[in-house]
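A short write-up of the structure that comes next.
No hydrogens, no waters, no symmetry mates; every other heavy atom, side chains included, goes into these values. Below, chain A is the first sequence line, B the second, and so on; all start at residue 1.
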Number of protein chains: 2
Amino acid sequence: MARKYIDNPNACSLVHTMNIIGNKWKPIILYLLSNGSMRFGMLNALIPTISKKVLTNQLKELENDGLLLRQSFAEIPPRVEYSLTEKAVGLLPVLKLLSDWANEAYPEMDFEQCRIIENGKKPAYNNVYKK
Amino acid sequence: MARKYIDNPNACSLVHTMNIIGNKWKPIILYLLSNGSMRFGMLNALIPTISKKVLTNQLKELENDGLLLRQSFAEIPPRVEYSLTEKAVGLLPVLKLLSDWANEAYPEMDFEQCRIIENGKKPAYNNVYKK
DNA sequence: GCCATTAGTTACTTTTTGGTTACCACTATT
DNA sequence: AATAGTGGTAACCAAAAAGTAACTAATGGC
């Protein structure tokens, strides 16, 4: 009885992807972790404008969606390392394409200026800095 | 003086892309329009769970970001056709990859069931329906 | 004269998201 | 005895996004 509307076969997995990574912070977190595992404080330092609460929350969601591995070490002060799962690694090239697309589509925007974050919060451990 | 934090060169154009398409509705709108131009009411019918206010808003934002072309015809009742720009067309293959990724990464989810929308709102014009 | 039609808009409310500040556990160092 | 250091959590508040319902303009058809 009910007639069927034309629909897009790709819509729903696309919605799912967007639910998982489609916000301000998550793609950045994934890209930062693409060089290897990183501690909570390090991520927080590299994304100085995110609040600790939100970062915690984003990391939890990414972990729940199977994109991050969280390793907690029984040390004082605590150490927690986050790293990408295989699932997440498979997404990196696509994130790269999204990034490339913006660079091509909006050449008038200077994305360069975002590359270096100065005067961010400094975690105490030393490997945070570049020479 | 200020030491520089390691940063990711891709982060900012990625953020920009996510600002433009990283939400629940916009990728769907783009994919629906990938088959050709479409009227407002048609889009609203194909995405029955979006409110008219939000759809209007999303379309406006996509237009402002150069992804959509809006053509308004001086007819009564009014007719407005939305279509993709070249910029948007360049994004489609990447959206497809995002969709493919979810299908592969989450095989346990049945994205199939989203394909057909039944009992949605029906606009009066006839070309809305599939045989 | 009334209703249907389309693409919205407006005013209002609700939900979601994000941010702020203070606090905790536990140890080493000063 | 106090402080620094890390990875959080809790309570609270502000802002942004989204939903709802009613309304509009202008015309054709009944």
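Atom pair B/Leu43:CG and C/dT6:C1' shows a separation of 13 Å (rounding to whole Å applied). As rounded to whole Å, 16 Å separates atom P of C/dG8 from atom CE of B/Met42. B/Met38 places its CE atom 12 Å from the P atom of C/dA7, with the value rounded to the nearest Å. When rounded to the nearest whole Å, the span between CG of B/Asn44 and P of C/dT9 equals 13 Å. For A/Glu75 and D/dG7, the CD to P distance is 10 Å, given to the nearest whole Å. Atom pair A/Arg79:CZ and C/dT27:P shows a separation of 17 Å (rounding to whole Å applied). Look at NZ on A/Lys24: it is 13 Å from P on C/dT17, rounded to the nearest Å. Remark: P of D/dT6 and CD of A/Glu81 are 13 Å apart, rounded to the nearest angstrom.
Judged as a side-chain hydrogen bond (donor to acceptor under 3.5 Å, both in side chains), and not counting sequence neighbours, the contacts of B/Tyr82 are B/Arg70. Every residue was checked against the ring pair (Phe, Tyr, Trp, His ring centres under 6.0 Å) condition with B/Trp25, not counting sequence neighbours, and none meets it. Every residue was checked against the side-chain hydrogen bond (donor to acceptor under 3.5 Å, both in side chains) condition with B/Asp65, not counting sequence neighbours, and none meets it.
Among pairs with a residue in residues 41-65 of chain B, none fulfils ring-ring contact (aromatic ring centres under 6.0 Å, His included), at least two apart in sequence or across chains. Among residues at least two apart or in separate chains, there is no salt bridge (charged side-chain N to carboxylate O under 4.0 Å, His left out) pair with a member in residues 27-37 of chain B. Residues in residues 79-88 of chain A take part in these salt bridge (charged side-chain N to carboxylate O under 4.0 Å, His left out) pairs, two or more places apart or across chains: A/Glu75-A/Arg79, A/Arg79-A/Glu81. Residue pairs meeting the salt bridge (charged side-chain N to carboxylate O under 4.0 Å, His left out) criterion with at least one member in residues 53-64 of chain B, sequence neighbours excluded: B/Lys26-B/Glu61.
In this structure the side chain of A/Ile21 reaches within 4.5 angstrom of the side chain of A/Leu67, judged on heavy atoms.
Within the 4.0 Å cut-off from OP1 or OP2 of D/dT6, not a single side-chain nitrogen or oxygen of A/Arg39 is found.
Side chain of B/Ser99 to backbone of B/Leu95: no donor-acceptor contact under 3.5 angstrom is found.
Of the residues in residues 54-67 of chain A, A/Val54, A/Gln58 come within less than 4.0 Å of DNA chain C through at least one heavy atom, sorted by number.
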Inset, instruction - For each nucleotide in nucleotides 21-30 of chain D, reading 5' to 3', give B when a protein heavy atom comes within less than 4.0 Å of its base, S when such contact involves only the sugar-phosphate, and - otherwise. - result: -----BS---
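Heavy atoms of A/Phe73 sit nowhere under 4.0 angstrom from any nucleic acid atom.
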